[in-house]
Amino acid sequence: MFAHKNRFFAIFAAFVAALTLLFSAGESVALSFKPSVPIFPLNELRPGMRGEVITVIKGLERISFPAEVISIIPSTGEPQKLVLIRASGPLVENIGGIAAGMSGSPFFIDGRLVGAIGYGWDFSDHNLGLVTPIEEMSKAWSWQADRSMQKGKVQFNQSKSAPLIVSGIGARGAEKLSGDLNCKVEPLPFDMPPGGIKVDYAAKLHPGDSVGALLAWGDVNVGATGTLTAVDDKGNFLAFAHPFLNRGNVSYPLTRSWVHDIVPSIKSPFKLGSPVSIVGVVSQDRPQAIAGRIGQFPQGVEVSVKFSDDSGATAFKRFQVVNDPFLMNQILPGALLGLFDDLWGRIGEGTGFVTVKVEGKGFVEGFTKKNVYFSDSDLMDQIVSREIMRLVSSMSLNRFKEIEPLGIHIELQVTREPKVVYIEKLDIPNKDNVKPGQDLEVQVTLRKFRGEQEIKKLSLKVPDKASGLCEVVVRGGGIAEPSQISLMSGWRAITSFKEFLNEINAEESNNQVIVELLYGPLLEQEGDEGGENIPLDEEYELVSEMKKRRMEEGTLRIFETDHYVEGLLRRSLTIVGEGQEDQNP
């Protein structure tokens with residue numbers, strides 16, 4: 001990965017000579033990371049010195065090309081100094097200059113490590129690049145100890161990063177990832193071996209080896225290719241010479257990468273690489289570099305998808321995502337959308353039956369939610385955004401309990417057919433002279449898409465305390481669903497993980513038919529978001545408590561269908577109390 005600095009080079013170069021004289025002197029920084037190779041101190045570096053850059057341009061083989069020091073450039077942010085170099089030679093000319101993916105490629109003078117290539121410019125002389133000194137890169141290991149490094153603007157990290165490479169998902173998923181992660185994402189058709197990327201428990205890496213950092217791995221891969229700069233005797237490493245996502249303390253897999261080729265580009269040439277094996281963990285993602293340990297491995301969030309469609313096709317996919325709930329919720333929407341697009345082979349209308357199960361340590365029983373969705377334009381987007389991610393983000397970011405390691409298991413059945421049932425008619429045969437305590441007969445007429453009518457019969461109980469004008473309402477689940485008025489108005493708060501699960505479980509599903517009797521202040525609540533007219537015995541209820549109470553008293557009935565339910569109808573009637581005349585029309 002090679003982060004480009006889109007600055008006007010002519011203006012920049014005008015100051016270079018003077019700045020070099022001003023900042024080339026001084027004491028070298030004491031390294032908290034001690035590479036296994038000798039160091040060339042920055043304060044000994046002078047313009048005109050020549051050395052070599054080690055990198056991979058094809059396969060796994062390391063090669064070198066010459067480069068000359070042009071100047072040393074200061075910054076008010078991190079990294080605080082960069083070294084301007086010019087690469088040369090037949091190899092560089094052949095590939096079009098310093099390429100994206102060479103970031104982290106070590107620069108040596110007389111066998112001593114100066115630092116690594118980190119930056120360059122788009123649409124410019126690609127033989128010019130900026131080296132992050134090893135003294136600066138080593139700060140990635142001491143960032144927490146030296147809080148002063150957090151002061152100031154990260155001046156050399158203002159432009160977009162080199163593209164993330166993704167495989168296993170379609171172009172639309174890659175585009176969504178690009179927006180959610182605020183970086184360029186390139187979908188590439190790399191087939192991973194069965195079972196995903198292997199783990200190499202005894203990897204031996206050297207400066208200049210091609211490596212990568214992954215955000216997702218398995219049947220879906222999201223990551224970037226760069227270069228290893230240095231290792232120490234304990235297996236600790238530095239790479240990239242600039243941040244990956246700049247997220248501080250992290251836990252990404254480090255991979256050995258295979259370079260397919262260098263792709264020429266007027267904007268900037270770039271390495272086309274794919275992961276070969278997981279060899280370690282990236283634990284620091286800082287302005288100067290990424291850092292971590294070879295031979296140690298991160299724990300990920302497991303995601304599995306069982307898919308089938310109306311053609312009889314079935315598929316099972318499994319991948320892992322970085323174990324960071326905030327970052328995971330930025331990666332999963334694009335990953336799942338792109339995966340579902342590929343599995344279905346189309347984008348458009350249809351009906352989907354989705355089951356999502358979330359489980360993890362200390363949550364062995366897990367939580368399962370089922371729903372049905374219909375869209376006349378984009379089924380997969382609705383399923384991912386309105387169902388899967390809404391549940392996953394709620395569970396992974398809940399404030400009560402860490403669910404780790406987290407497991408997310410999805411079953412999805414889709415059909416192009418509109419499996420929709422419409423509410424066409426609502427009848428109340430015995431609505432005249434209705435009295436408290438009486439059973440109210442209700443008939444609901446449903447029609448499947450281009451099908452025959454079907455009548456469902458049920459009864460509602462009229463409460464003893466009900467009187468006067470009331471309404472019977474029938475609606476599809478999720479249409480005019482009651483809101484958490486007690487939470488929004490400040491009467492209640494969810495105070496436990498159990499309560500949290502109860503409220504998620506109380507949410508209506510789109511395949512449900514809801515039949516309810518609304519009376520008294522319940523009628524006023526529909527247009528009363530502030531909750532001023534909530535009756536005293538209901539003002540502190542959560543939705544789950546309200547649903548349980550109303551089902552027990554008989555004023556709420558729910559039945560499920562195997563279709564997406566559309567429609568809402570209501571009928572008014574008057575409950576006649578003792579001594580009252582029949583006022584029903």
Main-chain N/O of [Y] paired with [X] side-chain donor or acceptor, under 3.5 Å:
X	Y	answer
Asn510	Asn371	no
Ser277	Val279	no
Asp285	Val282	no
Gln512	Gly477	no
Thr227	Gly101	yes
Asp200	Ala202	yes

Least distance between heavy atoms, [X] atom then [Y] atom:
X	Y	answer
Met551	Arg557	O-NH1, 3.3 Å
Ala239	Leu228	CB-CA, 4.0 Å
Pro333	Lys176	CB-CE, 3.4 Å
Val281	Ser251	CG2-OG, 3.9 Å
Ala480	Leu568	CB-CD1, 4.0 Å
Leu164	Ala224	CD2-CB, 4.0 Å

Applying salt bridge (Lys or Arg N to Asp or Glu O under 4.0 Å), can you list everything that pairs with [X], at least two apart in sequence or on another chain?
X	result
Asp341	Arg172
Glu441	none
Arg293	none
Lys548	none

Would you give the length of the straight line joining atom [atom1] of [X] to atom [atom2] of [Y], rounded to the nearest 0.5 angstrom?
X	Y	atom1	atom2	answer
Tyr373	Ile388	OH	CD1	9.5 Å
Leu337	Leu339	CG	CG	9.5 Å
Thr555	Tyr519	OG1	OH	5.5 Å
Leu60	Ser210	CG	OG	8.0 Å
His242	Asn246	NE2	CG	11.0 Å
Ile410	Ser304	CD1	OG	7.5 Å

- Task: May I ask you to decide if the ring planes of Phe244 and Phe240 are parallel, tilted or perpendicular, using 30° and 60° as cut-offs?
- Result: perpendicular

Hits for side-chain contact (heavy atoms from CB on, under 4.5 Å) against Glu566, two or more places apart or cross-chain, chain-then-number order -> Val420, Tyr422, Ile479, Tyr564

### Message
Is it the case that over 12 heavy atoms from other parts of the model lie below 6.0 angstrom from the OH atom of Tyr201?
### Response
no

- Task: Might you work through the side-chain contact (heavy atoms from CB on, under 4.5 Å) test for Leu542 and Ser486, ending with a clear yes or no?
- Result: CA-CA 6 Å; Leu542 298 172; Ser486 63; 3.7 Å; yes

What I'd like to find out is whether the side chain of [X] reaches to under 4.5 Å of the side chain of [Y], using heavy atoms alone.
X	Y	result
Ile57	Val259	no
Leu556	Lys547	yes
Val301	Ile408	yes
Glu516	Arg475	yes
Lys425	Arg447	no
Val322	Val250	no
Ile383	Leu412	yes
Leu569	Val444	no

Discussion item. Using side-chain contact (heavy atoms from CB on, under 4.5 Å), reason through Phe237 and Leu254 one step at a time and then give a plain yes or no.
Written reply: CA-CA 10 Å; Phe237 71 85; Leu254 178 77; 3.6 Å; yes

Glu507 meets the side-chain hydrogen bond (donor to acceptor under 3.5 Å, both in side chains) criterion, sequence neighbours left out, with Arg390

Acceptor/donor pairs from residues 350-359 side chains to any protein atom, 3.5 angstrom cut, sequence neighbours excluded:
from   : atom 1 : to     : atom 2 : distance (Å)
Thr351 : OG1    : Glu417 : O      : 2.7
Thr351 : OG1    : Lys419 : N      : 2.9
Glu359 : OE2    : His409 : NE2    : 2.8

Working for side-chain contact (heavy atoms from CB on, under 4.5 Å), residues Thr255 and Leu214: CA-CA 8 Å; Thr255 68; Leu214 292 177; 3.4 Å; yes

So the salt bridge (Lys or Arg N to Asp or Glu O under 4.0 Å) pairs with at least one residue in residues 294-319 (sequence neighbours excluded) are Glu302-Arg318

So salt bridge (Lys or Arg N to Asp or Glu O under 4.0 Å) across residues 322-331, not counting sequence neighbours, yields Arg247-Asp324

Residue pairs meeting side-chain hydrogen bond (donor to acceptor under 3.5 Å, both in side chains), one or both in residues 392-401, sequence neighbours left out, come to Asn329-Ser396

Query raised in the report: Less than 4.0 Å between a side-chain N and a carboxylate O, is that true for Arg549 and Glu553?
Result: yes

Presence of salt bridge, Arg550 and Glu552, under 4.0 angstrom:
no

Could you please spell out the steps behind the salt bridge (charged side-chain N to carboxylate O under 4.0 Å, His left out) verdict for Arg416 and Glu349?
-> CA-CA 6 Å; Arg416 193 166 187 169; Glu349 77 286 350; 2.8 Å; yes

Result for side chain to side chain contact (heavy atoms under 4.5 Å, CB included) between Glu560 and one of Asn511, Val565, Val513 points to Asn511

message: Assess the residue pair Phe374 and Leu379 against the criterion (side-chain contact (heavy atoms from CB on, under 4.5 Å)); give the C-alpha distance rounded to whole Å, side-chain angles, the decisive distance to 0.1 Å, and a yes or no.
response: CA-CA 6 Å; Phe374 169 76; Leu379 174 64; 5.8 Å; no

Distance-only criterion, 3.5 Å: show the donor-acceptor pairs between side-chain atoms of residues 495-504 and protein atoms not counting sequence neighbours.
from   : atom 1 : to     : atom 2 : distance (Å)
Thr495 : OG1    : Glu499 : OE1    : 3.3
Ser496 : OG     : Glu499 : N      : 3.1
Glu499 : OE1    : Thr495 : N      : 2.9
Asn502 : ND2    : Lys498 : O      : 3.4
Glu503 : OE1    : Gln484 : NE2    : 2.8
Glu503 : OE1    : Val543 : N      : 3.4
Glu503 : OE1    : Ser544 : N      : 3.1
Glu503 : OE2    : Ser544 : OG     : 2.3

Contacts satisfying ring pair (Phe, Tyr, Trp, His ring centres under 6.0 Å) that involve residues 312-340 (not counting sequence neighbours) are none

